Every structure is written in C-alpha cells, then in structure tokens.
Amino acid sequence: MAHSTVRGLVLPGQLTALIERDLWQHPGDAVLEKVVPWFEDPLVFVSNPEQMEFASRSMDMFADDPHAAFFRQARGSRAATPLELPWLDVEQAVLIAITRNPGDDGGLALDYRTDPSDPRVVGSDFWTDPVLCRWRVVAPSFSAFVTNLGL
C-alpha cells in the first residue's frame, strides 16, 4: 500500500486502505448524526486524495481572508502562538467530508496537530454559537472515527 499525501500531509494508512478497497463510503445520515450530533447539514465524504486536495483549498481562502475570522481557520505558521481548538490550523488539516449543499461551508477534517500518523477528526460547528464557527473534536483519532462509523 502506497502512502498518499494531501497538502504535504500523509493520509492515515487506514484511510488509504479504505480508499483503495472502495470502502471509504458515507455510512448514512443516521450514523453520522450519532457520531457528529451537532452537525445539522448533510455531509458527503471526499472520495480520494485528489478530491481532498481540491476540497481543502477552500480552507486557504478562509485563512487568507482577514474578514473571514467567523470561520476560525488560520495558518499556524503566521500565528503568534500555537493555534488550538476552536481554531483550525489549515496547514495541518485535510478535509475528508464536506457539506452536501454547496455554500454551506461546513466539513470534517483530519487535524494533524495531535498525531501525524493517526490525526484526530474535527468538525465545524456553526450551530452552537451562530455568531462564530468553532472546530470541535469528532473523534480523538482517525482510527476511532472509523470504528465509530462502523467502517
């Protein structure tokens, strides 16, 4: 199994294996509602590394726009102090699921700040505080996320 990279970050081996075996599939809205109960918009899984690269470019747009602080996405290399949740460091993140409806701008991301080989999974939360998005932990690792989904 070859390691895939997105944005210079090595995807977890388990994710690469699921993609190669065509098992990285949306488990159904009911399952996701249990795993990410605050997330109100329907999600789609980003199917392969090329699409993850493309989808993740949206994070750069929000991180580089000084008027888009609402999204709480920034570049750790430009921060005076290390970025922690509820902020997402876009240089250490890869989107793995995005909102089904264009323009909803939510998603789930691998957050490599915790572990480069088995990063935590975080999700955007626009609903708890509609004034500011916050990024929340969905699972402490990608492997735990896969287990929670039953994949």
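Just so it is clear, the model here is predicted, and its values are computed rather than measured.
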Closest approach of Met59 to Gln73 (non-hydrogen atoms, all atoms of both residues): CA-OE1, 3.1 Å
Could you state the interatomic distance from CZ (Arg7) to CG (Leu110), rounded to the nearest 0.5 Å? 11.5 Å
Do Asp111 and Val121 come close enough that some side-chain heavy atom pair is under 4.5 Å? no
Arg136 side chain reached by Leu85 side chain, heavy atoms, under 4.5 Å: no
Can you tell if the side chain of Arg72 reaches within under 4.5 Å of the side chain of Leu83, non-hydrogen atoms only? no
Does any part of the side chain of Arg75, heavy atoms only, come nearer than 4.5 Å to the side chain of Asp60, both counted from C-beta? yes
Side chains of Ile19 and Ser4: does their closest heavy-atom pair fall under 4.5 Å? no
Of all the heavy-atom pairs spanning Ser77 and Glu91, show the shortest one and how long it is. OG-OE2, 2.6 Å
Step by step, would you call Asn101 with Thr99 a side chain to side chain donor-acceptor pair (under 3.5 Å)? CA-CA 5 Å; Asn101 302 318; Thr99 49; over 6 Å; no
Which residues satisfy the side chain to side chain contact (heavy atoms under 4.5 Å, CB included) test with Ser141, sequence neighbours excluded? Asp118, Ser143, Ala144
Tightest non-hydrogen contact, residues Gly106 and Phe126, listed as CA-CE1, 3.8 Å
Might you point out which heavy atoms bring Ala55 and Leu95 nearest each other, and give the distance in Å? O-CD1, 3.4 Å
Working to the nearest 0.5 Å, report the span between CE of Met52 and CD1 of Ile96. 7.0 Å
Is Leu108 linked to Val137 within one hydrophobic cluster, defined over Ile, Leu, Val, Met, Phe, Trp and Tyr using a side-chain heavy-atom separation of less than 4.5 Å? yes
Name each donor-acceptor pair under 3.5 Å that joins a side chain in residues 31-51 to protein atoms two or more places apart or in another chain, with its distance.
| from | atom 1 | to | atom 2 | distance (Å) |
| --- | --- | --- | --- | --- |
| Trp38 | NE1 | Ser124 | O | 3.1 |
| Asn48 | OD1 | Glu50 | N | 3.1 |
| Asn48 | OD1 | Gln51 | N | 2.8 |

Can you name the nearest heavy-atom pair linking Leu9 to Gln92, along with the distance? CD1-C, 3.8 Å
Side chain proximity check, Val94 to Tyr112, heavy atoms < 4.5 angstrom: yes
To the nearest 0.5 Å, tell me how far Gln14 CD sits from Trp24 CH2. 9.5 Å
In plain terms, say whether Asp64 and Arg78 are close enough for a salt bridge, that is, a side-chain N and a carboxylate O under 4.0 Å apart. yes
Less than 6.0 angstrom separating the ring centers of Phe62 and Phe70, yes or no? no
So Phe71 and Asp65, do their side chains get closer than 4.5 Å, heavy atoms only? no
Going from OG1 on Thr16 to CZ on Arg21, what distance comes out if it is rounded to the nearest 0.5 angstrom? 11.0 Å
Nearest heavy-atom approach of Arg120 to Pro140 is CB-O, 3.3 Å
Trp87 side chain reached by Asp89 side chain, heavy atoms, under 4.5 Å: no
